Each structure stands twice: as C-alpha cells, then as structure tokens.
Amino acid sequence: MVTKREKYALEMVMDRLSLADDGRSEYAERAIDGEKLYHNYIDETENPFISNISLPWPYIITESYVGKCVQITAAMMPYVHIVEEDDDSRSKAKKVERDANMVLYRQKWPILAYNTYKQAFKYPCAWLLEKPWGVIDGYEMPLFSLANWFHVWVNPTIMTMDDPDAYVIYETFIPRWYIKENFTNN
C-alpha cells in the first residue's frame, strides 16, 4: 500500500527525471556517437560500400591520453598529500594523509582513475560515486566506484552543483532480498 507521502515523492522524482532526460537528450546522442567512434563502429546499412577496415583513431587517441593522465595523477604513491596549517597539526595531517592514501591504495586507485578518465574522454563527463562506508579486505573505509554515464540524470537548469536546485538521479539495480532485509519490518 502506497501512502500519500510516498506517492508524492515518486511523482516528484519522476517529474525531475523527465526534466533531466529532456535536458540531456542532446548529450546522450553525443555520448552514443562517442561510444561508436571509440569502438570504430561502422553502420553498414547507411554506408554499404565503405570498407570495414580502418584505423580506430578515437580509440588510439583516447587510450594514449588516458595513459598519460593516469601516469601523471595516479601512478605513484602518495596519491594524496596534505599540507598542515601549522606545526601543531603536522602529526594529524600525516595521519589523515596516510589513511587517505591507504583507502585509495586498497581500492586500486590507478585502475579506478584509468576508467574515470576514459569515461570522461568518451562521454561529456564522468561520475565518481562515494559510498560513505563499506568493507574491503576486512578494513572499513569509504568506497569509490564509477557510475555508468547512461544511468545518471542531472537538473539541466543549474550551472553548478552548489545550486540549491541541484539534484542527481542515479538509476541502479538493488536486489529484492536487500530491500526486504534493510528497508522492511519483516
């Protein structure tokens, strides 16, 4: 049984999703075109007489730039360097720096950075998600993952994410057992 409050929330989300979908349709077309270029896709129905053999220049260029960016930003430790404000905060800054670098190291930050850069080059942008808390190899830490660009919608009427009207809708799959276990009284 759906309450009035739940019905109102669902309608609000669906209205925002519709607005965001209308605003991103042009970018989605560009993203699909970018994906086709990256994979060197040739539509034989539109161009039946064009050779299917060609150099995948978008793939070559993207991969060469991605490698350079990862090499600059994520190839060697420390990934994060914290500058202390004064001598009294030096030990705290070093501890936070060590913890932040260990979180990124355990989550294989260079691989995540590689995938993030690649998504940013292929599509209009990349979305890096932070789950506030999780467990990797027995250690509790914030978890980072890359969102699928085709499952993210943003308010198209804003200029920055600091805007009070900003919202992000991320479509994801959650198994029924997880919802029953965590969100119901059963």
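On a predicted model such as this, the values are computed, not experimentally measured, just so you know. As a basis for the values below, the full set of heavy atoms in this structure was taken, side chains included, without hydrogen atoms, waters or symmetry mates.
With a 6.0 Å cutoff to the six-membered ring centre and a 45° limit on the axis angle, R30 does not count as a cation-pi contact of Y123. For the pair K118 and F121, the NZ or CZ position fails the cation-pi test of under 6.0 Å to the six-membered ring centre and within 45 degrees of the ring normal.
At distances below 3.5 Å, not a single donor-acceptor pair connects side-chain atoms of S89 with backbone N or O atoms of K92. Side-chain atoms of R24 come within 3.5 Å of backbone atoms of F150 as a donor-acceptor pair (strictly under, hydrogens ignored). Judged by distance alone, with hydrogens and angles left aside, the side-chain atoms of Q107 form a donor-acceptor pair with the main-chain N or O of F144 at under 3.5 Å. Between the side chain of E29 and the backbone N or O of E26 there is no donor-acceptor pair closer than 3.5 Å. For the pair S64 (side chain) and I61 (backbone), a donor-acceptor distance under 3.5 Å is present. In this structure, D165 contributes its side chain and N155 its backbone to no donor-acceptor pair below 3.5 Å. Using a distance-only test at 3.5 Å, with no hydrogens or angles considered, a donor-acceptor pair links the side chain of N182 to the main chain of Y178. No donor-acceptor pair closer than 3.5 Å links the side chain of D15 to the backbone N or O of S18.
Donor-acceptor pairing under 3.5 Å is recorded for the side chains of Y38 and E63. With 3.5 Å as the limit, one finds no donor-acceptor pair spanning the side chains of D163 and T160. Donor-acceptor pairing under 3.5 Å is lacking for the side chains of Y41 and E35. In this structure, a donor-acceptor pair under 3.5 Å is present between the side chains of W133 and E140. Y114 and Q119 form no side-chain donor-acceptor contact under 3.5 Å, judged by distance and modelled atom types alone.
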- Item | Trace of the side-chain contact (heavy atoms from CB on, under 4.5 Å) decision for Y167 with I158 | CA-CA 9 Å; Y167 61 83; I158 61 165; over 6 Å; no

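Pairing each heavy atom of T116 with each of A126, the nearest pair is O-CB, 3.5 Å. Nearest heavy atom pair, residue I174 against residue I179, reads CG2-CG1, 3.6 Å.
Counting non-hydrogen atoms of other residues, nucleotides and ligands closer than 6.0 Å to CD of E84 gives a total above 12. Heavy atoms from other residues, nucleotides or ligands lying under 6.0 Å from CD of E85 number 12 at most. Heavy-atom neighbours of Y170 OH from other residues, nucleotides or ligands within 6.0 Å: above the threshold of 12.
The shortest distance between side-chain heavy atoms of L104 and V80 falls below 4.5 Å.
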